[in-house]
Trainee: 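Take a look at the following structure, please.
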Amino acid sequence: QVQLVESGGGLVQAGGSLRLSCAASGRTFSSYAMGWFRQAPGKEREFVARVNWSGGGTYYADSVKGRFTISRDNAKNTVYLQMNSLKPEDTAVYYCAAANFDSIKRGEYTYWGKGTQVTVSS
């Protein structure tokens with residue numbers, strides 16, 4: 001069992017930056033692939049970025065590529081999402097999730113946090 005708690009969301013102007021953190025409980029954190037997803041009002045939850053168990057492999061949605069960076073620190077049981085050059089369309093609730101293998105599919109993630117709100121003003 002893994003429990004995930006996101007933090008770091010907030011209100012930022014367009015062009016600004018935020019760093020999201022996701023703290024995980026449990027001794028097996030390093031065995032999981034980790035992902036970030038987001039859900040805007042009235043829209044489905046969508047994939048943002050994922051990182052493999054070691055942190056050596058990452059993958060991004062086209063909409064955030066070059067602006068967002070996912071990373072993890074297995075010693076701290078934490079995964080991060082550095083978000084730069086934020087746009088109003090990045091406004092959403094951001095969720096971290098854990099999966100048994102690398103995936104961009106929402107349904108293949110087993111554990112989810114409750115999310116943190118990111119609002120980007122124009």
Side-chain angles (χ1 to χ4, degrees):
Q1 187 98 14
V2 177
Q3 292 185 327
L4 304 171
V5 179
E6 302 94 338
S7 62
L11 174 64
V12 64
Q13 288 188 334
S17 298
L18 281 175
R19 188 195 196 199
L20 305 184
S21 299
C22 174
S25 65
R27 299 179 180 178
T28 59
F29 171 75
S30 62
S31 67
Y32 290 96
M34 298 297 297
W36 285 96
F37 291 76
R38 66 186 182 186
Q39 188 167 17
K43 295 187 176 181
E44 291 190 356
R45 193 172 300 188
E46 65 176 4
F47 168 79
V48 174
R50 65 140 177 90
V51 60
N52 71 352
W53 69 274
S54 70
T58 58
Y59 188 81
Y60 299 90
D62 287 343
S63 58
V64 307
K65 199 173 297 182
R67 300 188 297 123
F68 291 10
T69 303
I70 188 171
S71 62
R72 67 189 295 163
D73 185 336
N74 287 339
K76 296 182 178 180
N77 279 13
T78 303
V79 62
Y80 305 97
L81 186 68
Q82 177 67 44
M83 305 186 295
N84 299 328
S85 302
L86 282 161
K87 305 175 181 180
E89 51 263 44
D90 294 318
T91 295
V93 177
Y94 283 71
Y95 300 88
C96 72
N100 290 317
F101 50 88
D102 295 344
S103 177
I104 65 170
K105 297 180 180 180
R106 182 179 61 192
E108 293 179 343
Y109 282 77
T110 305
Y111 302 105
W112 291 84
K114 294 184 177 181
T116 184
Q117 176 71 47
V118 171
T119 303
V120 184
S121 63
S122 57

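FYI, the numbering just counts along the sequence from 1.
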Trainee: Do the charged groups of R38 and E46 touch, with an N to O distance under 4.0 Å?
Mentor: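 Result for this pair is yes, salt bridge flagged.
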Trainee: Side chains of S103 and R50, heavy atoms from C-beta outward: is any pair under 4.5 Å?
Mentor: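 No, their side chains stay 4.5 Å or more apart.
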Trainee: Below 4.5 Å, heavy atoms only, C-beta onward: do D73 and Y80 meet side chain to side chain?
Mentor: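 A side-chain contact under 4.5 Å exists here.
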Trainee: Before accepting this row, confirm whether a basic side-chain N of the pair K87/D90 lies closer than 4.0 Å to the acidic partner's carboxylate O.
Mentor: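 Looking at D90 together with K87, the answer is no, because their closest N to O distance does not fall below 4.0 Å.
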Trainee: Applying salt bridge (charged side-chain N to carboxylate O under 4.0 Å, His left out), name anything that partners R19, two or more places apart in sequence or on another chain.
Mentor: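 Testing R19 for salt bridge (charged side-chain N to carboxylate O under 4.0 Å, His left out), a comparison that skips the adjacent residues, returns none.
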Trainee: Can you measure from CZ (R72) to OG1 (T58) and round to the nearest 0.5 angstrom?
Mentor: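 Interatomic distance, R72 CZ to T58 OG1, rounded to 0.5 Å: 12.0 Å.
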Trainee: Y95 versus R106: any side-chain heavy-atom pair under 4.5 Å?
Mentor: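 In short, these two side chains do not touch, never coming nearer than 4.5 Å.
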Trainee: Does a side-chain heavy-atom distance below 4.5 Å link M83 with W36?
Mentor: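 No; the side chains remain at least 4.5 Å from each other.
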Trainee: Below 4.5 Å, heavy atoms only, C-beta onward: do E6 and L20 meet side chain to side chain?
Mentor: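 Sidechains of L20 and E6: no contact.
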Trainee: Between W53 and D102, is there a side-chain heavy-atom distance shorter than 4.5 Å?
Mentor: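 With C-beta onward as the side chain, the pair stays apart.
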Trainee: Please report the interatomic distance OH(Y111) to CZ(F29), rounded to the nearest 0.5 Å.
Mentor: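 One gets 13.5 Å once the value is rounded to the nearest 0.5 Å.
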Trainee: Within this structure, what is the CD-OG distance for the pair E89 and S122, rounded to the nearest 0.5 Å?
Mentor: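 Answer rounded to 0.5 Å: 10.0 Å.
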Trainee: Just how far is it from atom OG1 of T110 to atom CZ of F101, taken to the nearest 0.5 Å?
Mentor: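 Rounded to the nearest 0.5 Å, the OG1-CZ separation comes out at 8.0 Å.
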Trainee: Measure the shortest side-chain to side-chain distance between F68 and N84 over non-hydrogen atoms and say whether it is less than 4.5 angstrom.
Mentor: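 The answer is no; the side chains never approach within 4.5 Å.
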